[in-house]
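Because only heavy atoms are used, hydrogens play no part in the values below, and waters and symmetry mates are left out as well, while side chains stay in. Note on naming: letters A, B, ... go to the chains in the order of the sequence lines (proteins, then strands), and numbering restarts at 1 for each one.
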Number of protein chains: 2
Amino acid sequence: MSSIPIRPDVPLGAPHERSDAARNRERLLSAARDLVAELGAEALTMDALACKAKVGKGTVFRRFGSRAGLMMTLLSDSESEFQHGFMFGPPPLGPGAAPKDRLVAFGEGRIYFVLENGELLKAAGAATRNRFDVPATKLSHRHMEVLLREAGIADPWVMAMSLTYALDPERIVDDVRVRGISPTRLADSWRELVTRLLRAA
Amino acid sequence: MSSIPIRPDVPLGAPHERSDAARNRERLLSAARDLVAELGAEALTMDALACKAKVGKGTVFRRFGSRAGLMMTLLSDSESEFQHGFMFGPPPLGPGAAPKDRLVAFGEGRIYFVLENGELLKAAGAATRNRFDVPATKLSHRHMEVLLREAGIADPWVMAMSLTYALDPERIVDDVRVRGISPTRLADSWRELVTRLLRAA
DNA sequence: ATAGAAAGCGGACCATAGTCCGTTTAGTAT
DNA sequence: ATACTAAACGGACTATGGTCCGCTTTCTAT
């Protein structure tokens, strides 16, 4: 067969990924997952990754751009799942419930999501100047913005930003792991925040 | 004269600062201020500072502990002033006004404070694992906590944490400088947040 | 004045993210 | 099959925050 191979996720007309590139990407991803599983995301160094994947350091950076980029790639599956939940899933997280209830559910979901992927998220956010250029972050922000607008907030864009920072991964992880606040308590406080913010005048 | 020299700010019984240490501290502080003025806080490297102050690198770290520590030292004057404002100054920022109004004023004040000292604050917060171990941050948090408790919030400690992150220096600076949001708009949104959060049921 | 102790000093050294560029290799056109 | 080109590669190199430890200075007790 001489047909063009199917490459999902590659924008039409993208210049074709070379076979060695594909192979190295697999090796890197696999090695990275191993290292994270065995030492934790925080302890993963780019040198160690390159070495374990039997690849030059330049290749690692060519592929992921930065340490943060690597962490984002590692996160993308879980992240997509969470996104799917609030965009298409059943209410109250998904469409169909009142904005207030969706926001409460969103925050709760986010808290538990962060606690499951905390190391990766911290590593992804910490390194570079892209804390907010991450597509996933943009999407979450936009989601909250829409809900806040529906609920009659005057400046939903800025308010969504405030709430985004209130749910900052570092904040959540440190509250729970360093300052000993239970996830439930965080979720309850989030509920109080959203409830008071959005109740009718 | 053989009397003990007066050393304000040094806790009683502190082990006495040696004269060479004092001299180097002055040199370092002065050099650091020069470098910040001339290149900006972001571009200040510890090597350059040591070099400019004619001091070994070890001395720099002995004195300030880390880059973040240095930035905090550089900030401490402005920070004290702001603290004095919300603790002892005239209402609505200081005592005497309703908690809601004090919180609104606090956030506004904080926004403008951050915009004046943004580079330093970002540099102070970014480097180490002490984002919340900073005394100044603790004090701000405690201040908000007290106001929120007075206003009937169920879990003022956690809520104060949410608001602390909503006022994160990086968030404020990037909103204004990268995303083009005006300080006024930020302040208005903060007012909306606090007003809705604290209005009577 | 002197000696001893403790604090301070300096700069070589380390770890790690990220860059650079000469070399290799996969795909392609002939 | 061959030659050509653009992409990919690898690892030496740079920048920078932070550590270590043997040497020096200051202070104090005698």
Side-chain donor-acceptor pairs under 3.5 Å in residues 70-81 of chain A, sequence neighbours left out?
from, atom 1, to, atom 2, distance (Å)
A/Thr73, OG1, A/Gly69, O, 2.9
A/Ser76, OG, A/Thr73, O, 3.1
A/Ser80, OG, A/Ser76, O, 2.7

Regarding D/dA8, can its base be found pairing with the side chain of A/Arg18 as donor and acceptor, where the two atoms are less than 3.5 Å apart?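 No pair found.
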Calculate the interatomic distance between [X] atom [atom1] and [N] atom [atom2]; express it in whole Å.
X       : N      : atom1 : atom2 : value
A/Phe64 : C/dT19 : CZ    : P     : 16 Å
A/Arg63 : D/dG10 : CZ    : P     : 10 Å
B/Glu17 : D/dC27 : CD    : C1'   : 14 Å
B/Leu49 : D/dT16 : CG    : C1'   : 13 Å
B/Arg67 : D/dT19 : CZ    : P     : 15 Å

Give, ordered by number, those residues of residues 50-58 of chain A having at least one heavy-atom distance below 4.0 Å to an atom of DNA chain C; if nothing qualifies, reply none.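 Listed by number, they are A/Lys57.
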Taking only heavy atoms on the protein side, list every residue of residues 22-45 of chain B lying under 4.0 Å from any atom of DNA chain C, sorted numerically.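 Contacting residues: B/Asn24.
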List the atom pairs, with distances to 0.1 Å, where a side-chain N or O of residues 25-32 of chain A and a protein N or O form a donor-acceptor pair under 3.5 Å, not counting sequence neighbours.
from, atom 1, to, atom 2, distance (Å)
A/Arg25, NE, A/Glu17, OE2, 3.4
A/Arg25, NH2, A/Glu17, OE1, 3.2
A/Arg27, NH1, A/Ala53, O, 3.0
A/Arg27, NH1, A/Lys54, O, 3.2

Look at the side chain of B/His141 and the backbone N and O of B/Trp157, then say whether any donor-acceptor pair between them is shorter than 3.5 Å.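 Here the side-chain-to-backbone pair exists.
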Just to confirm, is there a sub-4.0 Å distance from OP1 or OP2 of C/dG10 to any side-chain nitrogen or oxygen of B/Arg62?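 False: B/Arg62 side-chain N/O out of range (4.0 Å or more) of C/dG10 OP1/OP2.
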Should B/Thr59 be listed as having a side-chain N or O under 4.0 Å from OP1 or OP2 of C/dG10?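 Checking B/Thr59 against C/dG10: at least one side-chain N or O falls below 4.0 Å of OP1 or OP2.
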Starting from the 5' end of DNA chain D, give me the residue, B/Phe61 or B/Asp20, whose nearest nucleotide shows up first.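 Result of the comparison: B/Phe61.
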In terms of the angle between their ring planes, are B/Phe106 and B/Phe86 parallel, tilted or perpendicular, with boundaries placed at 30° and 60°?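 Answer is perpendicular, since the angle exceeds 60°.
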Distance-only donor-acceptor pairs under 3.5 Å for side chains of residues 90-97 of chain A, two or more places apart:
none

So what does B/Ser19 hit on the nucleic acid, given a heavy-atom distance under 4.0 Å: a base, only sugar-phosphate, or nothing?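 Sugar-phosphate, backbone atoms only, no base.
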Set of ring-ring contact (aromatic ring centres under 6.0 Å, His included) partners for B/Phe113, sequence neighbours left out: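 Once residues adjacent in sequence are excluded, the partners of B/Phe113 under the ring-ring contact (aromatic ring centres under 6.0 Å, His included) criterion are B/Phe82.
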Which residue pairs satisfy the side chain to side chain donor-acceptor pair (under 3.5 Å) criterion with at least one member in residues 39-48 of chain A, sequence neighbours excluded?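 Listed once each, the pairs are A/Asp47-A/Lys57.
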Side chain to side chain donor-acceptor pair (under 3.5 Å): which pairs involve residues 85-109 of chain A, sequence neighbours left out?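 Side chain to side chain donor-acceptor pair (under 3.5 Å) check on residues 85-109 of chain A returns A/Glu108-A/Arg191.
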With sequence neighbours excluded, residues passing side-chain hydrogen bond (donor to acceptor under 3.5 Å, both in side chains) with A/Ser162: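 Once residues adjacent in sequence are excluded, the partners of A/Ser162 under the side-chain hydrogen bond (donor to acceptor under 3.5 Å, both in side chains) criterion are B/Arg171.
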